Amino acid sequence: MARETFYITTPIYYVNDLPHIGHIYTTVVADTIARYKRMGGFDVRFLTGTDEHGQKMERSARSRGVAPKALADEVVRRYEELWRRLEITNDDFIRTTDARHRAGVHAVIARMQAKGDIYKGSYEGWYCSGCEAFFPETQLVNGTCPDQGHPVELLKEESYFFRLSAYQEPLLAFYREHPEFIRPGTRYNEVVRFVEGGLKDLSISRATIRWGIGWPGDAEHTVYVWLDALTNYISALGFGSGDASLYERYWPATLHLVGKDILRFHCVYWPAFLMSARLPLPRQVFGHGWWLRDERKMSKSLGNVVRPDALLERFGPDALRYFMLREMTFGADASFSDEGFLARYNADLANGLGNAASRVLAMARRYGDGRTPSESCDDSVLRTKAGEVVGRWRETMDAFEFHRALEAVWELLAAVDAYVNEKAPWGIAKTEGVSSPRLQHVLYNCLESLRLAAVMVSPVMPAMSARLLAQLGAPEAPGSLEWGGLGTGQPLGPEGALFPRADVEAFFSEVKVDESKPVQPPVSAPAAPAAAAPAPAPAVGVEQIGIDEFARVKLVVGTVRTAERVPKSKKLIRLEVDLGEPALRQIVGGIGDRYQPEQLLGRQIVVVANLKPAVLMGVESRGMLLAASLDGAPFLLAPDGEVAPGTGVK
Ligand code: ME8
């Protein structure tokens, strides 16, 4: 009999910037679910990919002076590398610049046209390129987009429209019949309220954007980026491009996993497009919460993102995957901090799991001649506890309550610890000898409980799980969740700490040292003052400082890549500056009364790179630009000739 299919997708990520913790979270959750479902015998298909078209991408590429496809190729390479590093087991990676995707989009449009749902008209209204979405004036909040506070611009252009208004009732009927379509329940209510509020026809083409999929039969238009992007979920299965066997096998999707920011696109537009194209609707959309930093959504446009590199390098993929799933209640928001990460790492991984494993394995080696115990045991408190924990773990994994599933496993680890203390194997060895059956039973119970824990954490920490199973002399994953899977008299695997304890103080001082390193190493040491030259007299009233004090200020040259006015401010301009770092730096400068944002693009400036971040009119500034000030008017400082971004100034 054919196995039940489980088709799971992540959003396809924009490639206008590098991935951050938010993108990692969605992808790691999807990977955990995919691994869990594979363990349960499902025929799993797991898709992720990148969203490469649209105005935002066109502008980012222009401001960096590269072609959009070249920027996409570079960022896609980083995504693919990151997913490999995090052991993500996606079966496919779709790019919206793939030919197969374009064919899928054209096929969907043809079906919508055949239904009579597309007509040509003229669009006038507000467009947010941050969200790539249209908003009626009544929804704007203080002149910015209501979803994320991005700036909006007035558009007036010819456009193809989709009769979204005709789908208000069919959508509401669909939600009523399928209350499980939108999860969690609070989000279901939000979407229903939104649709009950009325749906207007949707502009689905752009005449002023060139970077996109051409409208079929009309060279003047490109396809609206969300119609383009959402179709990835079926174009990746070959819909519209010849071989439809994957589409027939896996569509409709079991689960679209998305952040709550893009729920409306997935729960309103996407099902309406599919209804119009007379295609089946996905079974469920889950909108998870946001990782916050300082109580605000972590996002590229706010410049407050956590990049994964330092944590991954120091602690490896398993620790990061564990932290994200254990710390966040799936569906709710959570705050990300290095302190929180380190506390969990030490308490749960180094102490909890790592100590339980090394304690039990050390005894097994000492009393068992390097082999698993010679006898198993089927009568123990640990067996009962393990049975109860496995049941709870299954229930909570099925309900996507990952933090509770992990809590259950940690209860089993605590029970192993308590059992060891109570049974005191060292005492049995002393009084009854190492071959005592009672000692062998006790050790078996402990090792078998650890094996079950390793199997249960495998969807979250695959590499650690495989390592622990090898140390226990157990067969590798998938591994049975029945008690008694560990063989007797098997050689134990190689020793080694699973999670060495992190030195929190050293971590923070290292991070500090990293941050205070010059972006580019200085080319030469500062010149010593010539001994014979008389020191110039200090200017009266100016306090003197030593060279060391001056050297603490990290001055570097940066190239301005984007510039826009801070809404409602006369003077402030928000810049994204290339300082030779992996990501652009957001800096807000009070130069708007002398400079227009367009004049700044591509220009080199001098930046104080190690100034503490400050928030100016709600926008975070992570650095300061230098300008001469003449009667209060700013005159930007620049190097005398182009130098590499990040070059030090001294
Ligand atoms: O929206 N916390 O792409 P995107 C948790 N291309 N998750 C976060 C997050 C945060 N602070 N920030 C981002 C797009 N995410 C479109 C999608 S789908 C057809 C097109 C995650 O690069 C979360 O999954 O802006 C969110 O939905 C997604 O990244 C948005 O990624």
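One-based numbering, in listed order, for ligands and for the atoms of each. Since the model is a prediction, treat every value here as computed from it, not as a measurement.
For CZ of R77, the number of neighbouring non-hydrogen atoms (other residues, nucleotides, ligands) closer than 6.0 Å is greater than 12.
Checked options D51, D73, D228; the residue passing with R95 is D73 (criterion: salt bridge (charged side-chain N to carboxylate O under 4.0 Å, His left out)). Shown are Y224, F265, F161, W126; of these, the ring-ring contact (aromatic ring centres under 6.0 Å, His included) with F134 is made only by Y224.
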- Assess whether side chain to side chain donor-acceptor pair (under 3.5 Å) is satisfied between T50 and E52, documenting all intermediate values. CA-CA 6 Å; T50 43; E52 306 185 10; 2.7 Å; yes
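Taking the six-membered ring where the residue is Trp, Y247 and F239 present tilted rings, their angle falling between 30° and 60°.
Residue contacts with ligand 1: P11 is placed with no nitrogen or oxygen under 3.5 Å of a nitrogen or oxygen of the ligand (distance criterion only). The shortest N or O to N or O distance between Y25 and ligand 1 is not under 3.5 Å. Checked against a 3.5 angstrom limit, the closest N/O atoms of Y14 and ligand 1 fall inside it. Note: no N/O pair closer than 3.5 Å links L230 and ligand 1 by distance alone.
Close approach of ligand 1 to A229 (heavy-atom distance below 4.0 Å) involves ligand atoms 19 (C). Annotation for ligand 1: atoms under 4.0 Å from non-hydrogen atoms of T26 are 21 (C), 23 (C), 24 (O). Which parts of ligand 1 touch W226 is read off a 4.0 Å heavy-atom cut-off, strictly below it: atoms 16 (C), 17 (C), 18 (S), 19 (C), 20 (C). Counting atoms of ligand 1 from 1 in the listed order, those under 4.0 Å from a heavy atom of G289 are 5 (C). Close contacts of ligand 1 with I262, meaning ligand atoms under 4.0 Å from a residue heavy atom, involve 1 (O), 17 (C), 27 (O). Within the listing of ligand 1, atoms 6 (N), 16 (C), 20 (C) sit less than 4.0 angstrom from a heavy atom of D51. The ligand atoms of ligand 1 that sit less than 4.0 angstrom from a heavy atom of H266 are 18 (S), 19 (C).
Put simply, part of H20 is less than 4.0 Å from ligand 1, judged by heavy atoms. Heavy atoms of C131 come nearer than 4.0 angstrom to ligand 1 in no pair at all. Proximity of Y233 to ligand 1 is established by a heavy-atom distance of less than 4.0 Å.
Under 4.0 Å from ligand 1, the heavy atoms of D261 that appear belong solely to its side chain. At a 4.0 Å heavy-atom cut-off, ligand 1 does not touch K260 at all.
Salt bridge R264/D147: present, at least one basic N to carboxylate O contact under 4.0 Å. With salt bridges taken as basic N to acidic carboxylate O contacts below 4.0 Å, one links E153 and R59.
A donor and an acceptor atom, one from each side chain of T396 and E401, are nowhere located under 3.5 Å apart. The closest side-chain donor-acceptor pair between T89 and D31 falls under 3.5 angstrom. With hydrogens and angles left out, the side-chain atoms of E132 and Y14 include no donor and acceptor closer than 3.5 Å.
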